[in-house]
Amino acid sequence: MTTPGVEGARWRADGALVLLCVFWGVTFVVVKDALAFADPFTFITLRFTVGAAVMVALAGRRMFAPGVLKKGALLSVLLFLSFALQTVGLKDTTPSRAAFLTGLNVLFVPLFSVVLLKRLPRWSTLVGVVLAAVGLYALTMQAEGPMRPGHLWGLYLGDWLSIGCAATYAGHILLTERFASRDGVLGLVAVQLSGVALLSALCLPFVERRLEPTPALMGAVLVCGVLASAVAIGVQTWGQARTTAVRAAVIFALEPVFASASSVVMGREVLGPREWFGGALILLGVLISELGPGVWEGWRARGRTPAS
């Protein structure tokens, strides 16, 4: 049984991850707009160079603590692949679809957890995963009507790249839980962001580059570099040192809900009943994952089951 202190720490961590989803959801639109002024790899390089500079200044020698460089380097490869696939994918899909498909990591994380770690999630988390997955399908399935050329099974290249992002980010979530410690967040995040900046820069000679240093682009670089990269990855690492990877993945399924809401508020998209129904299922899945065991234990403590 989980002790009250540990459970309280998990609730605080989960709350921080929910707030992180709110912010990440909004930045889907910010990144989409930034790609009008820069190619994906130039933008990622600028974004993570700014984030790395902030975290390196804060972490200092903690980057070189035993094991941090090795763990951070492995995480940086997965993080680079995730952001590269997501950012390139945004050129060929909408912010909400990219967010929804990236949210499929809610399926990949428990699958990878069972296959790689031989760990079965608790029943309430599995119910939450299923509901979130159905909700994601409702949000992303192709609407009826003619489709433009280039789709495969109702998905375009940007959609497939977003699914690839979901798979690599699921690996990042699992390894973050394994590597994160309660007092080693700064060093681990600094190495990750530095690694992503380096890998992105190494790609620049091999891609078509485009850069228009407008105020809008520079603002997006600063927001995404400082807040959506340095602060956000730091919060994720801190939170995952206090909760499980599968639980974190279910919470991250909220990100597309907030991405859609921000896209609608900013006038970029209009969502119909099917999309809102999918969002509601995701919210329900998160609530069951979070509250399920507590509700069940409460019934048992009163000497009865929900069916009695």
Side-chain angles (χ1 to χ4, degrees), residues 17 20-21 23-32 34-35 38-45 47-48 51 74-113 116 129 132-133 135-137 139-141 150-177 192-193 195-197 199-200 203 207 220 224 228-229 232-233 236-237 240 245-246 248-260 262-263 282:
L17 295 180
L20 180 58
C21 289
F23 185 74
W24 269 344
V26 173
T27 59
F28 269 86
V29 177
V30 175
V31 173
K32 179 73 173 179
L35 293 179
D39 66 275
F41 284 96
T42 296
F43 178 74
I44 294 174
T45 301
R47 166 184 181 168
F48 278 93
L74 180 56
L75 287 170
S76 71
V77 172
L78 292 171
L79 192 61
F80 164 73
L81 289 173
S82 300
F83 275 92
L85 290 168
Q86 183 185 81
T87 306
V88 175
L90 272 169
K91 295 181 65 178
D92 189 50
T93 191
T94 65
S96 64
R97 285 181 68 86
F100 299 153
L101 291 168
T102 300
L104 287 175
N105 63 61
V106 74
L107 286 179
F108 290 129
V109 168
L111 176 62
F112 293 170
S113 182
L116 301 178
V129 165
L136 284 165
Y137 175 75
L139 288 163
T140 57
M141 65 180 183
H151 68 87
L152 176 64
W153 298 337
L155 298 172
Y156 299 105
L157 176 61
D159 298 329
W160 286 110
L161 293 176
S162 297
I163 292 173
C165 169
T168 55
Y169 200 64
H172 184 270
I173 291 171
L174 279 172
L175 287 185
T176 297
E177 179 198 356
Q192 285 185 73
L193 299 190
V196 175
L199 290 170
S200 303
C203 291
V207 299
C224 291
S229 297
I233 302 299
Q236 178 194 348
T237 306
Q240 284 202 241
V246 177
V250 176
I251 293 172
F252 288 157
L254 287 171
E255 183 181 344
V257 178
F258 295 123
S260 293
S262 63
S263 189
I282 293 174

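Numbering starts at 1 and runs along the sequence shown.
Closest approach of Lys32 to Leu90, counting heavy atoms only: NZ-O, 2.6 Å. Heavy atoms only, all atoms of each residue included: Ala248 and Leu17 are closest at CB-CD1, 3.9 Å. Contact between Pro40 and Lys91 at its shortest, heavy atoms only, is CG-CD, 3.5 Å. Here the closest heavy-atom approach between residue Val88 and residue Leu161 is recorded as CG1-CD1, 3.7 Å. The minimum heavy-atom distance between Ala245 and Ile173, with the atom names listed, is O-CG2, 3.6 Å. Nearest heavy atom pair, residue Ala166 against residue Asn105, reads O-CB, 3.4 Å.
Note that CD1 of Ile44 and CG of Leu199 are 10.5 Å apart. Values are rounded to the nearest 0.5 Å. One finds the OG1 atom of Thr102 at 12.5 Å from the CZ atom of Phe252 (value rounded to the nearest 0.5 Å). Put simply, CG on Asp92 and CG on Leu157 are 5.5 Å apart, with the number rounded to the nearest 0.5 Å.
Partners of Pro110 according to the side chain to side chain contact (heavy atoms under 4.5 Å, CB included) rule, which considers only residues two or more places apart in sequence or in another chain, are Pro121, Val129, Val246. Thr45 is linked by a side-chain hydrogen bond (donor to acceptor under 3.5 Å, both in side chains) to nothing, counting only residues two or more places apart in sequence or in another chain. For Glu177, the side-chain hydrogen bond (donor to acceptor under 3.5 Å, both in side chains) partners two or more places apart in sequence, or in a different chain, are Arg119. With sequence neighbours excluded, no residue forms a ring-ring contact (aromatic ring centres under 6.0 Å, His included) with Phe43. Listed by chain and residue number, Arg47 satisfy the side-chain hydrogen bond (donor to acceptor under 3.5 Å, both in side chains) test with Ser229 (two or more places apart in sequence, or in another chain). With sequence neighbours left out, the ring-ring contact (aromatic ring centres under 6.0 Å, His included) criterion links Phe83 to Phe48. Under the side chain to side chain contact (heavy atoms under 4.5 Å, CB included) criterion, Thr168 pairs with Leu81, Ser82, Leu85, not counting sequence neighbours. The ring-ring contact (aromatic ring centres under 6.0 Å, His included) test applied to Phe112 returns Phe108, not counting sequence neighbours. Not counting sequence neighbours, the partners of Phe258 by the side chain to side chain contact (heavy atoms under 4.5 Å, CB included) test are Cys21, Val22, Leu254.
No donor-acceptor pair closer than 3.5 Å links the side chain of Ser113 to the backbone N or O of Val109.
The aromatic rings of Tyr169 and Trp24 sit perpendicular, their planes meeting at an angle over 60°, well past the 30° parallel limit.
A heavy-atom distance below 4.5 Å is found between the side chains of Val196 and Ser200.
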side-chain contact (heavy atoms from CB on, under 4.5 Å) for Thr237 and Gln192? Distances and angles first, verdict last.
CA-CA 11 Å; Thr237 306; Gln192 285 185 73; 4.2 Å; yes
